[in-house]
2 protein chains.
Amino acid sequence: MARVRKTVTIRDVAEDADVSLQTVSRVVNGGPNVRPQLRDKVRASIERLGYVPSLAAQRMSGSRSYIILAINDRERTLADWRERRGTDWVDQMLLGGILTCSKHGYRMMVELIDTHSDHVERELGAALSALQPDGVILTPPHSENRLITELLSARAIPFARIGSDVAGPGIPMTMGDEGAAHLATTRLAELGHRRIAMIAGPSQYSLSGWRIEGWKRALAEAGLPHEGLLEAGDFGYESGTRAARALLARNPDCTAIIASSDQMALAALEVARDRGLVVPRDLSLISFDNTPIVRFTQPPLTAIDQPIAETVSRAVEQLIARDEGDNGGQVIEVAAGLVERSSTAPPPPVSAPARA
Amino acid sequence: MARVRKTVTIRDVAEDADVSLQTVSRVVNGGPNVRPQLRDKVRASIERLGYVPSLAAQRMSGSRSYIILAINDRERTLADWRERRGTDWVDQMLLGGILTCSKHGYRMMVELIDTHSDHVERELGAALSALQPDGVILTPPHSENRLITELLSARAIPFARIGSDVAGPGIPMTMGDEGAAHLATTRLAELGHRRIAMIAGPSQYSLSGWRIEGWKRALAEAGLPHEGLLEAGDFGYESGTRAARALLARNPDCTAIIASSDQMALAALEVARDRGLVVPRDLSLISFDNTPIVRFTQPPLTAIDQPIAETVSRAVEQLIARDEGDNGGQVIEVAAGLVERSSTAPPPPVSAPARA
DNA sequence: ACAAGTCTTGAGAACGCTCTCAAAATGCGT
DNA sequence: ACGCATTTTGAGAGCGTTCTCAAGACTTGT
């Protein structure tokens with residue numbers, strides 16, 4: 001409607017509504033003491049002029065920047081990208097974050113950082129200085145990276161540690177890994193499996209440990225053994241291949257595998273195929289993550305659905321609402337679910353010369 | 001090293017180096033007229049103090065915001081998310097964008113907008129006012145959305161139109177869709193296929209047309225017909241199922257299909273399986289996009305690799321370098337490649353009672 | 001050696017907003 | 001009605017940068 005209009009500022013609104021800047025500011029920010037009549041008048045002006053406060057200016061004067069920063073590892077992201085592995089984790093985290101941020105008038109930014117080297121401090125510091133975010137979201141394995149958490153708490157920037165439940169600064173948030181592994185294992189036990197193996201993730205991830213615990217607990221509850229049924233990978237495809245081979249070579253009587261990532265499950269599926277095993281007839285398979293790829297494999301994989309987006313969303317809300325009383329170190333947990341598809345079935349009747 | 005230090009500002013650096021604010025600013029921004037000696041001194045101070053300019057302050061005073069905005073459709077993104085369809089496109093675009101932005105000291109932000117409704121102007125306007133980005137990246141189908149492009153040019157914000165080559169404001173960028181379709185079709189023709197079908201995308205996407213053109217051109221060059229071999233979908237799985245069924249029902253002699261998206265290719269794969277056709281023995285299949293899922297289907301799909309990340313990266317560079325002479329409406333094209341996997345093979349020897 | 005440049009440096013305003021604090025208006029108890 | 005507490009409004013400074021413009025320090029040509 002207008003021509004190349006210059007930016008509409010709070011001053012324009014103030015003039016239009018014939019009030020002071022301060023009053024407009026109060027209306028915009030839902031300030032408490034404004035007469036309803038004036039408030040409406042100002043609102044009308046804002047509407048008419050199409051005024052939207054400038055994020056930069058808000059940051060400059062106020063205490064908030066309305067920015068939540070999500071940290072990701074540059075190397076890993078780059079590698080995933082080059083090799084066209086899915087970066088579904090990033091996806092999910094972004095979506096959960098962006099959606100929730102925008103609901104509260106915040107924005108989410110993603111920062112790629114070299115989290116391995118000692119550039120961490122430098123790079124993260126630069127990002128924090130430039131952006132001055134109101135909160136930061138850390139995902140595994142950064143959630144327990146000392147350099148990072150210390151830098152953040154030194155700067156007094158609130159942050160959420162996803163996939164970490166240790167005490168310390170930052171809001172710990174978990175995704176029910178122990179419970180999820182327990183759930184998957186129990187389901188397999190119920191189907192009749194007696195030799196249920198697990199391909200775990202790398203030990204530097206806390207969640208790897210939790211999953212192993214859940215698996216062991218379910219096994220114990222069902223009176224099943226776990227000895228020799230554990231292998232660890234690094235979440236990647238190749239490591240899954242190695243682990244699955246080792247597992248099946250060592251345990252010919254193994255009839256079910258839980259893999260700690262979709263990529264490793266895919267690898268296990270391939271290994272099974274190589275060994276002439278038909279999934280799920282001869283071998284049941286459950287994966288962690290439930291990224292889009294597992295719906296299109298042959299057969300589609302039963303998977304633990306990690307509520308990443310939901311968790312990040314919760315994290316954002318925690319960060320934004322931090323003002324209203326500190327969350328006293330209480331771990332926040334979002335539970336995972338099991339999506340049953342076609343890679344799970346009862347074990348073959350003859351297969352197990354178990355109690356040999 | 002320091003305690004809860006207050007933010008280091010340009011003033012601190014100026015004092016430390018015993019020069020004026022302005023001189024520091026010049027050094028930071030690579031200003032032209034500074035004595036080398038002074039420059040080094042200032043650099044040393046910056047280094048020592050760990051100074052990083054505040055984005056917000058830069059935006060406030062200067063003309064640039066160092067922000068590039070990428071527009072995505074909220075509904076579609078949300079749907080993809082809920083149904084755990086891969087949002088690889090978003091991924092790729094983000095990665096290409098973020099990486100290139102950070103290389104130039106810029107940041108990329110993603111904005112989800114209701115691009116269908118008439119909220120577009122409102123929502124986009126709000127985002128532009130709040131963020132005041134230095135550039136905007138539009139992806140299909142927004143690249144040719146009048147409301148959007150006009151709003152952007154009215155505000156004089158440079159933008160790139162990915163997947164669009166029409167004249168007008170904004171930098172047009174394409175990904176060689178015509179050439180890619182031609183390449184895929186030609187490859188199939190070389191393998192000996194005579195009835196090569198295409199499942200196209202929706203017509204409101206320019207690239208759908210280009211792909212059809214490339215397919216027809218290759219067919220014509222090989223002396224093959226195209227009549228009755230074209231179906232259109234909406235890029236989604238279900239539409240692919242419908243299209244593939246129609247195609248195969250109408251053309252029992254069809255031995256190859258090119259699908260305009262991975263999801264539709266997946267659907268075609270499933271349809272073929274239902275009809276008892278073995279891919280690639282009885283039917284060859286090539287998809288567009290090359291998202292991570294097509295590597296893990298049975299068989300893995302041969303696919304056109306859309307250089308999304310690369311294109312977005314180029315777009316960002318164009319936007320950042322816009323100052324140095326307008327890009328006179330010349331279309332920028334990044335070529336796509338063909339990734340051969342196992343869904344393509346020569347047609348079955350007997351199959352075609354073609355010249356009936 | 002002098003005027004006329006060019007290069008280098010700095011001072012001060014401006015960007016758009018929110019803070020703090022004080023002034024004006026209102027409400028209330030007696 | 002009167003004083004006091006409370007609510008509502010506004011004025012002005014300040015956030016950290018870059019911009020404009022002017023002053024000082026060098027060059028250079030003659």
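Letters go in sequence order (proteins before strands), and every chain restarts at 1.
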S61(B) has its side chain closest, among dC17(C), dG10(C), dG16(D), to dG16(D)
Rounded to whole Å, the CD-C1' distance (Q22(B) to dA13(C)) equals 12 Å
Exercise. Answer whether the closest heavy-atom distance between the side chains of D12(B) and Y51(B) falls below 4.5 Å.
Key: no
Side-chain contact check for R35(A): nearest option of dC17(C), dT9(D), dA14(C) is dT9(D)
Per atom distances to the A57(B) side chain, the nearest of dG16(D), dT9(D), dG10(C) is dG16(D)
Review point. Is it true that the side chains of E144(B) and S164(B) contain a donor and an acceptor less than 3.5 Å apart?
Key: yes
Checking dT17(D), dG10(C), dT18(C) against the side chain of S25(A) (C-beta onward), the nearest is dT18(C)
From CD of Q58(B) across to P of dG16(D) the rounded distance in Å is 13 Å
Margin query: We want to know whether T174(A) and D165(A) form a side-chain donor-acceptor pair, criterion being a heavy-atom distance below 3.5 angstrom.
Written below: no
- prompt: Between the base of dG10(C) and the side chain of R26(B), is there any donor-acceptor pair under 3.5 Å?
  reply: yes
Whole-Å distance, R64(B) CZ to dT18(D) P, equals 9 Å
Select base, sugar-phosphate, or nothing to describe what Y66(B) touches, counting heavy atoms under 4.0 Å on all strands.
nothing
message = Under 4.0 Å, heavy atoms only, any strand: does V34(B) hit a base, just the sugar-phosphate, or nothing?
response = sugar-phosphate
Rounded to whole Å, CE of M60(B) lies from C1' of dG16(C) at a distance of 4 Å
D18(B) atom CG, over 12 foreign heavy atoms within 6.0 Å:
no
Among the nucleotides dG10(C), dT18(C), dT8(C), whichever has the atom closest to the side chain of T23(B) is dG10(C)
Rounded to whole Å, CD of Q37(A) lies from P of dT8(D) at a distance of 12 Å
Notebook entry, point to check: With no hydrogens and no angle check, do the side chains of R155(A) and T7(B) hold a donor and an acceptor under 3.5 Å apart?
Noted result: no
The nucleotide from dT9(D), dT18(C), dT9(C) with an atom nearest the side chain of L38(A) is dT9(D)
Winner on side-chain proximity to T9(B), out of dG16(D), dT20(D), dG12(D), is dG16(D)
Of the listed dG10(C), dT17(D), dG10(D), the closest approach to the S20(A) side chain comes from dG10(D)
Here the distance between atom P of dG10(C) and atom CD1 of I10(B), to the nearest Å, is 12 Å
Taken to the nearest whole Å, CG/L21(A) to P/dT18(C) is 10 Å
Within the structure shown, what part of the strands sits under 4.0 Å from V28(B) by heavy-atom distance: base, sugar-phosphate, or nothing?
nothing
Taken to the nearest whole Å, CG/N33(A) to P/dA22(C) is 18 Å
